[in-house]
4 protein chains.
Amino acid sequence: MSEAAERPKAAKASRRAWSGAIQGRSEQFELKRQVVLRTAARVFSERGFHQTTLVDIADELHISKPTLYHYFRSKDEILLEVQQMAIAQIIDVPLEPESGHSTGLQQLKEFVSRYISMIVDDFGTCLIMTGVLPLQPENRLIVRKGSKDIEKMMREILRRGVADGSIAPCDPKITAMLFFGAMNWVPYWYRTSGEIAVDGLVQRTLDFVLTGLEPRT
Amino acid sequence: MSEAAERPKAAKASRRAWSGAIQGRSEQFELKRQVVLRTAARVFSERGFHQTTLVDIADELHISKPTLYHYFRSKDEILLEVQQMAIAQIIDVPLEPESGHSTGLQQLKEFVSRYISMIVDDFGTCLIMTGVLPLQPENRLIVRKGSKDIEKMMREILRRGVADGSIAPCDPKITAMLFFGAMNWVPYWYRTSGEIAVDGLVQRTLDFVLTGLEPRT
Amino acid sequence: MSEAAERPKAAKASRRAWSGAIQGRSEQFELKRQVVLRTAARVFSERGFHQTTLVDIADELHISKPTLYHYFRSKDEILLEVQQMAIAQIIDVPLEPESGHSTGLQQLKEFVSRYISMIVDDFGTCLIMTGVLPLQPENRLIVRKGSKDIEKMMREILRRGVADGSIAPCDPKITAMLFFGAMNWVPYWYRTSGEIAVDGLVQRTLDFVLTGLEPRT
Amino acid sequence: MSEAAERPKAAKASRRAWSGAIQGRSEQFELKRQVVLRTAARVFSERGFHQTTLVDIADELHISKPTLYHYFRSKDEILLEVQQMAIAQIIDVPLEPESGHSTGLQQLKEFVSRYISMIVDDFGTCLIMTGVLPLQPENRLIVRKGSKDIEKMMREILRRGVADGSIAPCDPKITAMLFFGAMNWVPYWYRTSGEIAVDGLVQRTLDFVLTGLEPRT
DNA sequence: CATGAATGAGCCTTCATTCAT
DNA sequence: TATGAATGAAGGCTCATTCAT
């Protein structure tokens, strides 16, 4: 029911352009691109996509607005890439090499760990909090496809777990969506800088979902 | 990981202004106001606050844009009232008159039932999907306050349940937020017009949260 | 080899919005639209399409820039309609009801009269001086089509004249284009406010084209 | 009434920078300058001055945008020089050394030949199709002055011809402008790569202007 | 000489809001 | 009450031009 509190501007960052995040030489282009993406992701999450102007992002980086267009074609493209980065963190890494040896429950734990790590990151937070509505229809489809693929991953894990007995019988579809809800809401209340580390959050989440609130005798 | 599918425009509504929803006499003003609010809530949720223009809302009602200003001072005020309507559905109704007789678990069940009913409604859906970022800072505080109050309600219930033994020991804060996450995400995937009725959804949610995924021996 | 000298701003027009050109009641919309078109045509011709901002046009009319968007969807649409107005002046009026009775030469004279009247008008001048390059590709095709149709008209007239002996044998294609050139260049040097009236210009043009520079014995 | 069809990109030019047009040694600078001018003239005519970016020109030459600034101070200067090149082709070459021996008609024929050769060239085409409106006011005056000088040339020739009886009596001013119109419009419809060679075009133009459309008995 | 990077200036377009009828 | 007309404010995007390497 709550949502992102504005972060304390990080002491207005260092005065240098690119906030001193760039030192390399020729691969600088890609590096700068990443810095823009991460900054944009953060600001989008803090203020909302439409409340964020390109000047806001540029200011944060101590660069000018047109400079952003050296790295991205449009504001929309920036958001698209941010969200694709988040999705790739889950999709691009296969769940486990020798997956044959692990139970569904074990896989689920690993998945939750990775998903939460993604969601508390700037990119993942932006994926959830900004959503896909601001995107152009065609880009919206791209991100939705990625999201659906991630959802499918969890459903598969649940099915496997139910099959091998490591997870209690349940409807994989509904369960997955309720589970994702619990995790997707994290950006609205959890701060990595708070008392609980990400590992702790993963553990709490697993406890909540695995044990259940009903006392076990 | 998924989000709102565009609703099918409700058969483009009847051709008459106000979509024929107004018949009364003098209290029409308040009625019309409600119709605007509900329509706005729906469209905001479908397209996003900033993607929705006042013309969109006016068109949906077959009225003109300035007419909206007879009922609301600003677009911001519309959103504020929508979200306050949602919050009021939870806040304004005390959980149970003689709450002394019920256990925490019983209260939790009632709370979940009411909260989910609220969240699948146009107002509640808009509260979650639009969020408070589009609101003016002062209005944002108002809604946040309401959300916090609702969160507090659940924490209290959890504490009571843990105390009376009807709920397994848990950290009320974390548990509440994860629980709210599971429910708040509902608007992104659940359709009241689908296979599962709201009652069913409440039951599934309770099952998910109470039983836990770990098999009980 | 010369081109439009900037017109002397017409004493900065009357101070009233719409330059006092609007008096009607309900058909005002269409009237205002026409006033915008004519003003835009004039300014486009004077300064060039890209050198003309929407503010320039709005200022000329003592209205604000967004007001232009009540009447037109885009700057491009304004130019398109201007040019279509010009073309319609030629295309929409059949050359002569009882064309069977007139020779090609007679038809040619009428055509020249009408074409020159069109070309010295604001719309026609803009058609020639602004050209179609600033238009969106799809709109460019529309105007080109109209231009081609007009060219075809003259070719047909020339053919008929050659056939009936009222015009000396010639290649209709080349002749038409050279002829159009003589007329299309008029906006670059002729001023209706100068010594020669439009009728006079028509006569001079016909003299030039019909008689030829070679002395007739 | 028609205008420039897009030229077929010249087989996208050779892949080498400067399109392989430069081989010399030290006077390369001036050579490269010329290549830029001709390329710019061509692209300006095809797409229009404002639709052409410096990147477009640089790409065509397989060089980078800032490199253009080694040869020209501004985009405006490029256009100015292009148009001055065209004008110089007419102005800088005296019409005929021993002009005393030739009639006005003979001079006219030579003038037309040279003017049309100029106008079908990249520079001349750009002079006409781009016009002087995009130029800075001061540069505009320079080009206008040149154009006026050329117009004066023809008027003088016409006067001489009328005086020596080789040209039929006519108003030199009007006649010159109509004549220029016929020729200036050539870039809008004539292609050197088409059926008619430039010599042929000169002849057709002379026929059109000298003989007249009225049948001579 | 060449160029990747960066930017100031400017324009089209949108939209919430106001006003006159 | 209702609305067509009008607008101030603001944002995304482009591009000629400059600068550092």
Side-chain angles (χ1 to χ4, degrees), chain A residues 17-18 22 25-26 28-29 32 49-58 61-78, chain B residues 17-18 22 28-29 32 49-58 61-78, chain C residues 17-18 22 25-26 28-29 32 49-58 61-78, chain D residues 17-18 28-29 32 49-58 61-78 134:
Chain A
W18 296 107
I22 303 298
R25 183 75 271 188
S26 173
Q28 287 199 343
F29 185 85
K32 290 182 184 174
F49 182 77
H50 283 102
Q51 284 85 7
T52 303
T53 74
L54 291 182
V55 172
D56 289 337
I57 300 174
L61 294 164
H62 306 298
I63 62 176
S64 74
K65 178 169 57 168
T67 301
L68 291 172
Y69 284 87
H70 272 276
Y71 300 93
F72 300 93
R73 267 197 289 270
S74 68
K75 193 184 178 190
D76 208 69
E77 188 184 83
I78 295 179
Chain B
W18 297 105
I22 304 300
Q28 287 198 344
F29 186 83
K32 290 183 183 176
F49 182 77
H50 282 102
Q51 283 86 4
T52 303
T53 72
L54 290 184
V55 173
D56 290 335
I57 299 174
L61 293 164
H62 306 296
I63 62 176
S64 72
K65 179 167 55 167
T67 302
L68 290 172
Y69 283 87
H70 282 279
Y71 302 94
F72 301 95
R73 263 197 297 269
S74 69
K75 192 185 179 190
D76 209 67
E77 189 183 79
I78 295 180
Chain C
W18 295 105
I22 303 300
R25 184 76 269 184
S26 171
Q28 287 199 346
F29 185 86
K32 290 182 184 174
F49 182 76
H50 283 102
Q51 285 85 6
T52 304
T53 73
L54 290 182
V55 171
D56 290 336
I57 299 174
L61 294 163
H62 306 297
I63 61 176
S64 74
K65 179 168 55 168
T67 301
L68 291 172
Y69 282 87
H70 273 276
Y71 300 93
F72 300 94
R73 265 195 291 270
S74 68
K75 193 184 178 190
D76 208 69
E77 189 184 84
I78 294 179
Chain D
W18 297 105
Q28 287 199 344
F29 186 83
K32 289 182 182 175
F49 182 76
H50 283 101
Q51 284 85 6
T52 303
T53 72
L54 291 183
V55 172
D56 289 335
I57 299 174
L61 294 163
H62 305 299
I63 62 175
S64 74
K65 179 168 55 167
T67 302
L68 290 172
Y69 282 86
H70 283 279
Y71 302 95
F72 301 94
R73 263 197 295 269
S74 69
K75 191 185 179 189
D76 207 67
E77 190 184 79
I78 295 179

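All chains are named by letter (A, B, ...) in the order of the sequence lines, taking the proteins before the strands, and each is independently numbered beginning at 1. Only a predicted model underlies this, so the values are computations on that prediction, with no experimental measurement involved.
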Proximal nucleotide (of dA2(E), dC12(E), dC13(F)) relative to the Lys32(D) side chain: dA2(E)
Most 5' of Ser64(C) and Phe49(D) on DNA chain F, judged by nearest nucleotide: Ser64(C)
From CG (Leu68(A)) to CZ (Arg73(A)), nearest 0.5 Å: 15.0 Å
Nucleotide forming a Watson-Crick or wobble pair with dA20(F), both distances under 3.5 Å: dT3(E)
Candidate nucleotides dT7(F), dG12(F), dC1(E), ranked by approach to the side chain of Lys75(A) - the nearest: dG12(F)
Any Lys65(C) side-chain N or O less than 4.0 Å from OP1/OP2 of dA6(F): no
Among dT14(E), dT17(F), dC15(F), the one nearest Pro66(C) by side-chain distance: dT14(E)
Tyr71(A) side-chain N/O to dA6(E) phosphate OP1/OP2 under 4.0 Å: yes
Donor-acceptor pair under 3.5 Å, His70(C) side chain vs dA5(F) base: no
Side-chain donor or acceptor of Lys75(A) paired with backbone N/O of Thr52(A) under 3.5 Å: yes
Among dC13(F), dT17(E), dT14(E), the nucleotide that comes nearest once only the side chain of Leu54(A) is considered: dC13(F)
dG10(E) pairs with, by Watson-Crick or G-U criteria that keep both distances under 3.5 Å: dC13(F)
Under-4.0 Å side-chain N/O to phosphate OP1/OP2 contact, Thr67(A) with dT7(E): yes
Interatomic distance, Tyr71(D) atom OH to Ile63(D) atom CD1 [nearest 0.5 angstrom]: 7.0 Å
Euclidean distance, Ile57(D) CD1 relative to Ile78(D) CD1, rounded to 0.5 Å: 5.0 Å
